[in-house]
Every structure is written in C-alpha cells, then in structure tokens.
Amino acid sequence: MTDIRLTNTRTRKKEPFVPLDPANVRMYLCGPTVYDRAHMGNARPVVVFDVLFRLLRHVYGTDHVTYVRNFTDVDDKINARAAATGRDIRDITEETIAWYHEDMDALGALRPTHEPRATDYIGAMITMIEGLVARGHAYVAEGHVLFDVRSYPDYGRLSGRSVDDMIAGARVEVAPFKRDPMDFVLWKPSDADLPGWDSPWGRGRPGWHIECSAMSHELLGAAFDIHAGGIDLQFPHHENEIAQSCCAHPGSGFARYWLHNEMLQVEGKKMSKSLGNFFTVRDLLDQGIPGEVIRFVYLQTHYRKPMDWTAEKAREAEKTLQKWHYICMTVRPSRSAPTEFLDALADDLNTPQALTLMRKYAKQGNAADLLACGHLVGLLEPSMGLWFDRNDHLKLGEDPRIFEITSVRERARAAGRFDLSDKLRKLLIESGVAVFDHKPTSRAFKEPDALLRYALSGANKAWEAGDKLAAEASVNLLRSAGFQISLDEDGPSAITGFDEVKFDKHYEEHMEKALLEAQRVEETLEPEADDT
RNA sequence: GGCGGGUUGGCGGAGAGGUUACGCAGCGGAUUGCAAAUCCGUGAAGACCGGUUCGAUUCCGGUACCCGCCUCCA
C-alpha cells in the first residue's frame, strides 16, 4: 500500500498518515461562507484537497473515505449582503451555493460525500454550546455566550502563540463583557431584523467557528483524521474550533492531521479589489479559460507554497493539456498509475512532481499511464476535456469522411502522386481540418485554427505581394468559415470574432466537396493499384 | 510588536548533503517532396554573511527583502 505522508501543521512536521479507521477515512474541509462567487483564492484548497480526496480513495478504496465540506450559510456578511440588496437571505445563499457547485464542478473537483449547511445544524450547535457552558468552558454575558480561552490550556497551540502573546500586540475587540480579550463568541443575540433561532439564551444566531465544530462532530465523530483549509484559517478559526471541540468532547483529540494551503497571489501581488487583480473562478471561465487549465495551474505549485496566478501560466498549461489530450485520444488508461507517480502524490501531495512525471510519460508516448495518472489528479477526464472537443479537436476517424479522405491521400502519396495528395490536403484545410503528414501516414482532425492559420497567412502574403484579389479570396474564405475579419487599405484586419455555427455549416459544405474530390482521386489511383 | 511562509538559471518550478530535475523560451542540429509538425543536442541557478562537513543550493545561525496571519477572509 502506498504510504502517505502529510505535513501536519499541528506538529510542524511531515508525518506518516495513519487513519483511525482504514475502512472509513474521514476528512473535513472548511467550505465557503455563501454570499458571493468563489474567487481564485477560495478555489485553491478545493482543488488541492480534491487531489487528496482522490488519493485517499485510491489508497483506501472509493467507499472508504468520507469527505465533508460545509456551507456556512449563516453569517453577518450574508446579513449585510441581504440588507444592502434588499434580497431574501435564503435567495442569496441558495444562489451562491448553486454558483459554487457550477464553478467547482468546472474545476473538476469531486463533490464531497457530505455538504452540510450550517443552518441545518443549529440544534447541534446549541447542544454543543450548552455542553461547553456546563463544563465551565463558556459563559453567558449580556445575551452572548462566550468561550473562555483561559479554560483551555492548549489554546494557541496550533498557531504557535500563547494567549498572553496575542494580547500583547493585539488589536482585539475588547468587549466589556469579555472575561479575557481573546474570548470569542459562540452565540449572539439577534434582533428582529436578523435571522435567529430560539435558544436557552434567547433568540440568536451562532458565532463563526462553532458551525464547523458541530457539523464535523455530527458527520465525522468526535475524532477524525484530517482537517484542512487555507493557512489564513489557522488562526483564529481553526484554533477556536480545536478549543471548542476538545472542550466539548474531552479526550477525543478532534482532528489528528491539520493541513493548510498557502495563499494565492496574482501576478506577484496580493489579490485585492483595489488593485484590480481580483477575480473569481467564473471570471476566468467566462474568458474562455477552461476549468481544466485552471486546475492544472493550481497543481503546478505545491500546496504549501504561495502560488502566483499569471496569464502566462495559463497559456503554458493549455498548451500542455492540448498535447496530452491529443496523445490520449484513442487509448484506455492503464490499470493503475505507476508507483513513482503515486509516491509523488503520497509525499505530501507533491503535485508539481506528479505533473513532471506525466510530462515524462507524454514524451515517452506512454499514453495509457499518462491517462491513468491524469484521472488520479482530476485531469484528462472525459467530462473535463470537453473544452478540447469544444475546440473541435476530433480524433481521427470520428468523422468518417476525414478518415476516408486521409486514406486516399495516403495512397496517393504512396504512389508518388503528391499533386493529388496536396489538392486534397488543401480542400481539407479549407474545410477547417488540420492535417499533419508523417512518413507514410497522415493524421487529420477538425480544427478551425488550421483554416485560420492557412487563410490568414495566405491573405497577408497576397496583400504584401500586391495581389488584392487573392487576398480578398482568402479573407472571404475566413468569413465564410465564421471568422470576423475585414479588409481595407491597410490589409486584412485582426480576427474580431468567431461564429461557431457558421463554421460548422462551412465545414459541412466543404467536407462534402472534399469527399467527392477524394472519390474522384481514388478512381484515378485505382488502375495503378490494379497494375501493381 | 507577536506568529508563520518565501527567496533556485530569461520565466515557471521540484528533488536530493556529493551524480542531468523537469517544462516554456533561447541557441545549435536532424528529419521532411511541399505545408504543418516532429525529433535530438545545448548554455544558464539556488538572496547575502558566517558555521558544521572531506564536500552545502540542500543542515545550523544571522542579515536583507517579499508575502501572509494576529480584525472578516481560503
């Protein structure tokens, strides 16, 4: 069995991963507060811990891993959003959850086993808080219930700070009713305008932190294996979760391995609205950057290092994935990924190393392993590769006409009739098919870009040579294929748009013509074939 | 002020106390009837100052700079 090693923030060490129960490995990831589209930073933990989920399923068995990722759908940010827009809170959270699913699905993240909503667990939170009060770890003050950090000696251990240190340089909110400035709210009163639930302390709502403690307890038990999230959650969120959970369930130990991913930057700077480099996953998807490409970029940086999102990385990733998809088009994945690949992932999720190995397999032409590895990290999946098909990279043979014409071309080339072969190639390219001739064989697939390259360079060359008619012919060809382009005194303009429907129509018409021509060529070749 | 992370060749980005990371770009070459592509080779690094060591980019200490958290934040 693959030995997984993970860096545990709690011990600051890379440790062998030993689950409490190999038949039910349990992990919890802090999910989003649902009031807005997920931004690029939100998506990083989702993707990297999705790889962990996949690895655990691979090692322990698909049915032996329970993965919980919550939705925090009660929070003052949501209330503020509702107040600002006049919308119903439930509308906002429902819509945001649907968006979240759309966007994370696009990134190839598997849905967790459970996606609990905080508002469905208010009762569990109240029970937990009652327990904390009963054990003397929490106290009621002015309608609030507060956690007493001094009652938990290990408070600060996860983040490596002591209560006294924190207070020293701190700008903590010193509410007069707090026994200690670091005490945090478990329950707070709601006025009539705010969402609220009846509780022993009056109508109110939970504070931040308690929802994760309650939900992880309900779904995973008092002790479970992995708790993950962004490093920014280390303090105070995770620290407070530990304090609550360990005090509510003494001796349980709560989560055993704490994993934290480093933060995301954009072009070397912190992502922020004021710098104008703030964007959501949806923004990138809408720009036409496929989710699979975004995922690849995430995986190319180790999760415990700061990651920089750049347009350049996306371009490189897209190129690599194009190549890989092409290589894998006709193969089935090998039964299991190579050991070295699993070892890379098992070594604290070394995804950059894993991708390097995939490059190696691609270079070796080892498509079966490449594909198997891809599936293990959520790449090259049929559902994710849709963008590849959407770009009309259809495999050889998928359109039987391309296959037929290509066969005729191969025979023509074998017979030394390059004139006939070239004629057919031209027809293919003008139809919108990319053609690559190799020694005896040839491959071809539908690809608008091939026509674009061919006609655009043709138009430019003709224009420079002063042949306006030829330039016009090339431009017209492009137009007929759905490319928006104009021709004026300065020559051909840049492409300003692409109409896919128009292209498909163009493709169909030209393909029929090319097929007829191929049949004619075949007749020409026939006698020679018989003579030989 | 406290806590934590980072600093690798033109760019991205790993591992390993001593041996080529790898990818992109560059350069050189091969191959190809043409187009497109493909293939091979190759230079280049580890912020700075000390220490440990036969030997450190890799371990230890310090300095500088960058980033994050300490207040809602993935």
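Order of the sequence lines fixes the chain letters, A, B, ..., with proteins taken first and strands second; residue numbering starts at 1 for each chain.
Using a 4.0 Å heavy-atom criterion, one finds that A:G41 contacts the bases of the nucleic acid, with or without backbone contacts as well. Within the 4.0 angstrom heavy-atom criterion, only backbone atoms of the sugar-phosphate kind lie near A:K363; the bases stay farther away. Among the heavy atoms of the strands lying under 4.0 Å from A:R12 are primed sugar atoms or P, OP1, OP2 only; no base atom is included. At a threshold of 4.0 angstrom between heavy atoms, the contacts of A:V46 with the nucleic acid are absent. Within the nucleic acid shown, A:K360 has no heavy atom closer than 4.0 Å to any nucleic acid atom. At the heavy-atom level, A:L233 lies under 4.0 Å from the strands shown only through sugar-phosphate atoms.
Evaluation of the salt bridge (Lys or Arg N to Asp or Glu O under 4.0 Å) rule for A:R26 yields no partner, not counting sequence neighbours. Here A:N79 pairs with A:D76, A:I89, A:L194, A:P195, A:R205 under the side chain to side chain contact (heavy atoms under 4.5 Å, CB included) rule; sequence neighbours left out. A:R117 meets the salt bridge (Lys or Arg N to Asp or Glu O under 4.0 Å) test with A:E94; sequence neighbours excluded.
Side-chain contact between A:D50 and A:M104 is absent, with no heavy atoms from C-beta onward closer than 4.5 Å. The shortest side-chain heavy-atom distance between A:F71 and A:T119 does not fall under the 4.5 Å cut-off.
In RNA chain B, runs of at least 3 stacked Watson-Crick or G-U pairs (N1-N3 plus N6-O4 or O6-N4, or N1-O2 plus O6-N3, all under 3.5 Å) give these stems: B:1-7 with B:64-70, B:10-12 with B:22-24, B:26-30 with B:38-42, B:47-51 with B:59-63.
Only the C1' atoms considered, B:U57 is 7 Å distant from B:U8, to the nearest whole Å. B:G62 and B:G28: their P atoms are spaced 48 Å apart (whole Å). With both ends at atom C1', the span from B:G68 to B:A25 equals 31 Å, rounded to whole Å.
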**Prompt:** Can you give one letter per nucleotide of nucleotides 12-18 of chain B, 5' to 3': B if a protein heavy atom sits under 4.0 Å from the base, S if only from the sugar-phosphate, - if neither?
**Reply:** SSSS---
**Item:** Heavy-atom protein contacts under 4.0 Å, nucleotides 59-64 of chain B, coded B base, S sugar-phosphate only, - none
**Value:** ------
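Each of A:T320 and A:F418 has a nearest nucleotide on RNA chain B; the 5'-most of these lies closest to A:T320.
Across every non-hydrogen atom of A:L424 and A:A514, the tightest pair is CD2-O, 4.1 Å.
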